[in-house]
Asker: 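Here's a structure for you.
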Number of protein chains: 2
Amino acid sequence: MASRTVEDYIKQIYQEQQPVPGQLVSLGRLATAMEVVPGTVTTMVKALAEAGLVSYEPRQGVRLTPAGEKLALHVLRRHRLIELFLVQVLKFDWSEVHAEAEELEHAVSERLLERIDELLGRPGFDPHGDPIPSAAGEVAQPRLHPLNAARPADRGVIARIADQQAEFLRYATARGLVPGAEVVIQSVDVPGDSITLLVQGKSRTLGRAAAAGILVAWQPEAAASE
Amino acid sequence: MASRTVEDYIKQIYQEQQPVPGQLVSLGRLATAMEVVPGTVTTMVKALAEAGLVSYEPRQGVRLTPAGEKLALHVLRRHRLIELFLVQVLKFDWSEVHAEAEELEHAVSERLLERIDELLGRPGFDPHGDPIPSAAGEVAQPRLHPLNAARPADRGVIARIADQQAEFLRYATARGLVPGAEVVIQSVDVPGDSITLLVQGKSRTLGRAAAAGILVAWQPEAAASE
DNA sequence: TATTTCCCTTTGAGTGTTCAAAGTGGAAAA
DNA sequence: TTTTCCACTTTGAACACTCAAAGGGAAATA
Ligand SMILES: [Mn+2]
Ligand SMILES: [Mn+2]
Ligand SMILES: [Mn+2]
Ligand SMILES: [Mn+2]
C-alpha cells in the first residue's frame with residue numbers, strides 16, 4: 001500500500017504535469033508545491049522511482065509511469081468523490097471541502113468509496129467541475145476555455161473553477177459564477193484589463209486574472225459554421 | 001496533534017482499564033492488543049508518559065492521566081459517531097463498520113464530526129449500543145447485565161453487544177439479538193451451560209459464552225420491591 | 001533459601017520522512 | 001572562453017515507530 005506521503009507526491013506530480021501529459025516536472029516545482037526543501041524531494045523521488053511510480057531524470061525532472069498515473073487517478077477519484085459527498089450529503093460549502101478531502105482521501109476503503117459513488121449516482125464531476133476519474137481510471141476531458149480568452153457576444157456555461165482558493169470560491173459564489181451558470185460576454189476591455197459579462201440576469205465585471213480561473217464551455221455559434 | 005499511533009494506544013489503554021477505572025494496564029496486555037512486540041510497547045509507553053498522557057510504573061503498568069483520558073474519549077467519540085454514520089447514512093452492516101472507523105477516526109476534522117453528530121441527531125449510542133462520549137467528554141453508563149447472569153422470568157431490553165466480532169454480530173442479527181429487542185428468560189440450564197429466552201416471539205437457546213457477550217437492561221420486577 | 005520462570009526492559013538496528021548545510025553540474029552571462 | 005549563478009544533489013542527522021535478540025527483576029516454585 002502506498003503511504004499517505006507517496007499518494008500526495010504522486011497526485012501532485014500528476015497535477016503539475018497535467019497541462020502537457022508526459023511532460024517532465026522539475027523537482028524544484030515539486031518542492032514548492034509539497035512545501036518541503038529540495039533535498040527532501042530528491043530523496044523521495046528516488047524512492048518513487050525505485051517503486052516504479054515515476055521515471056526520474058536527474059537534474060531534469062520526473063514524470064509518472066503508467067503505474068504512477070494509475071495511482072494518481074485513484075487518489076484523485078477518492079479526493080473528488082469525497083468533496084462532492086461533503087457538499088451534497090453533509091452540506092459543506094464548496095470552499096471548505098478541500099482540506100477535509102486531503103485527509104480523507106487516504107483513509108476511505110474501496111468499499112466505502114463504492115457506497116459513496118453509488119449514493120451520489122455515479123457523478124462525473126466534483127463541486128468545482130473537476131472530472132472524477134472512473135474506477136477504471138478514465139477521466140472526462142471536456143473542451144473548456146478560460147473566461148479571460150472570451151470575445152464579446154460569446155455565450156456558454158461555466159463548467160469549472162480552476163482557482164480553488166477558499167476566498168476566490170466564496171467570491172465566485174456570491175456572484176453566481178458557479179458551474180452550470182449560463183454566461184454571455186458583454187464586453188472585453190483590453191486596456192482596462194477587465195471583462196464584463198451577464199450571469200443570472202446580472203452584469204458583472206471582473207479582472208483578467210480572476211477570469212482566467214473560470215472555465216467555460218462555449219456554445220457553438222449558430223451563424224458561424226467551421 | 002497526537003499521531004494515529006498515539007491515538008490508538010491511548011484508546012486501547014482506556015478500553016483495557018475500563019472495567020476498573022484507574023487500574024494499571026500491564027504492558028504485555030497492551031502488546032497483545034496492539035499486535036506489537038513487548039519492547040515496542042515499553043518504548044512507546046515512555047513516549048506517552050513524556051507527553052503527559054499516561055503515568056508509567058515500570059514493571060507494573062500504565063494508567064491514563066486526565067489528559068490521556070480526555071484524548072481517549074475524543075477518539076472513542078469519533079469512532080462511534082463514524083460507526084453510526086456508516087450504518088445509518090451509508091447503509092453498512094453493523095458487522096463491517098469497525099475496521100472502517102478504525103481508519104476514519106484519525107482523519108475527520110472537528111468540523112466534519114460536528115456535522116455528522118448534527119445529522120444523526122446527537123445520538124447517545126453507537127450501533128452496538130456503546131455510549132458515544134459527548135464533545136465535553138461525558139459518557140453515559142447505563143447499568144447493564146450480561147445475559148449469562150439472568151434468571152428465569154427476567155424480562156428486559158437488549159442494550160449492547162459487547163462481543164463485536166463480525167461473525168458474532170451476524171449471528172446475533174440473524175436471531176434478532178440486537179439493541180432494542182425485548183427479551184424474556186424462559187429457562188437457565190446450568191449443567192447444559194445454556195440459556196433459553198424469548199425474542200421477537202421466538203424461543204432461542206444459546207450457550208453461556210455467547211450470552212456473556214449480550215448486555216441487557218432488566219425491567220424492575222413489579223412484584224419485588226427492594 | 002535457592003532456583004526457575006515469566007514478564008518486562010534494554011540495546012542495536014531498520015524504515016520512512018524530513019531538514020540543514022555543504023557540494024556540484026551545466027546553462028547563461030560576461 | 002571563462003566565470004557566475006541557480007537549481008539540484010549529497011551528506012549527516014533527527015524523529016517516530018518498529019523488530020530481534022539479549023539482559024534483568026521479582027514472584028512463584030521447589
Ligand atoms: Mn480539492
Ligand atoms: Mn492528501
Ligand atoms: Mn468499533
Ligand atoms: Mn484507529
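All values reported here derive from a predicted model rather than from experimental measurement. Just so it is clear, the values below take in all heavy atoms, side chains as well, and ignore hydrogens, waters and symmetry mates. Letters A, B, ... mirror the listed sequences (proteins, then strands); counts begin at 1.
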Asker: Return yes if a side-chain donor-acceptor contact under 3.5 Å exists between B:Q164 and B:H98, otherwise no.
Answerer: no

Asker: Any chance you could lay out the salt bridge (Lys or Arg N to Asp or Glu O under 4.0 Å) test for B:R4 and B:E103, step after step, and finish with the verdict?
Answerer: CA-CA 9 Å; B:R4 192 212 134 102; B:E103 294 297 319; 2.8 Å; yes

Asker: Less than 4.0 angstrom between a side-chain N/O of A:K46 and OP1 or OP2 of D:dT10, yes or no?
Answerer: yes

Asker: Are OP1 or OP2 of D:dT9 and a side-chain N or O of A:Y56 less than 4.0 angstrom apart?
Answerer: yes

Asker: Counting the atoms with a prime plus P, OP1 and OP2 as sugar-phosphate, which does A:T43 contact under 4.0 Å by heavy atoms, base, sugar-phosphate, or nothing?
Answerer: base

Asker: Are a donor atom and an acceptor atom from the side chains of A:H79 and A:D130 found within less than 3.5 Å of each other?
Answerer: no

Asker: Side chain of A:R59 only, please: which of C:dT24, D:dT10, D:dT18 is the nearest?
Answerer: C:dT24

Asker: Taking the side chain of A:T42 as heavy atoms from C-beta outward, which of D:dC17, D:dA20, D:dC8 is closest to it?
Answerer: D:dC8

Asker: Choosing from D:dT18, C:dA20, C:dT18, which nucleotide comes nearest the side chain of A:V37?
Answerer: C:dA20

Asker: Round to the nearest Å and state the distance from A:R29 atom CZ to D:dA7 atom P.
Answerer: 13 Å

Asker: How many Å lie between CZ on A:R4 and P on C:dT17, as a whole number?
Answerer: 11 Å

Asker: What nucleic acid atoms does A:T5 come within less than 4.0 Å of, heavy atoms only: base, sugar-phosphate, or nothing?
Answerer: sugar-phosphate

Asker: In this structure, how many angstroms lie between the C1' atom of C:dC19 and the CD atom of A:E35, rounded?
Answerer: 15 Å

Asker: Report the C-alpha separation of A:H145 and A:V216 in whole Å, then their side-chain angles, then the decisive distance to 0.1 Å, and conclude whether the side chain to side chain contact (heavy atoms under 4.5 Å, CB included) test is met.
Answerer: CA-CA 5 Å; A:H145 306 90; A:V216 179; 5.8 Å; no

Asker: What is the distance, rounded to the nearest whole Å, between atom CD of B:Q60 and atom P of D:dG24?
Answerer: 20 Å

Asker: Report the residue (A:T40 or B:T40) whose heavy-atom-nearest nucleotide on DNA chain C is the more 5′ of the two.
Answerer: B:T40

Asker: Considering every strand and a 4.0 Å limit on heavy-atom distances, what is the contact class for B:G39: base, sugar-phosphate, or nothing?
Answerer: base

Asker: Figure out the CG/C1' separation between A:L27 and D:dT10, and round it to whole Å.
Answerer: 13 Å

Asker: Between A:E7 (CD) and C:dT17 (P), how many Å, whole number?
Answerer: 11 Å

Asker: Round to the nearest Å and state the distance from B:E57 atom CD to C:dT9 atom P.
Answerer: 12 Å

Asker: Which whole-number value in Å describes the distance from A:E50 CD to C:dG16 P?
Answerer: 11 Å

Asker: Looking for any heavy atom pair under 4.0 Å, which part of the strands does A:S26 touch: base, sugar-phosphate only, or nothing?
Answerer: sugar-phosphate

Asker: Between B:E102 and B:K11, is the salt bridge (Lys or Arg N to Asp or Glu O under 4.0 Å) condition met? List the steps.
Answerer: CA-CA 11 Å; B:E102 201 55 56; B:K11 179 157 62 88; 2.9 Å; yes

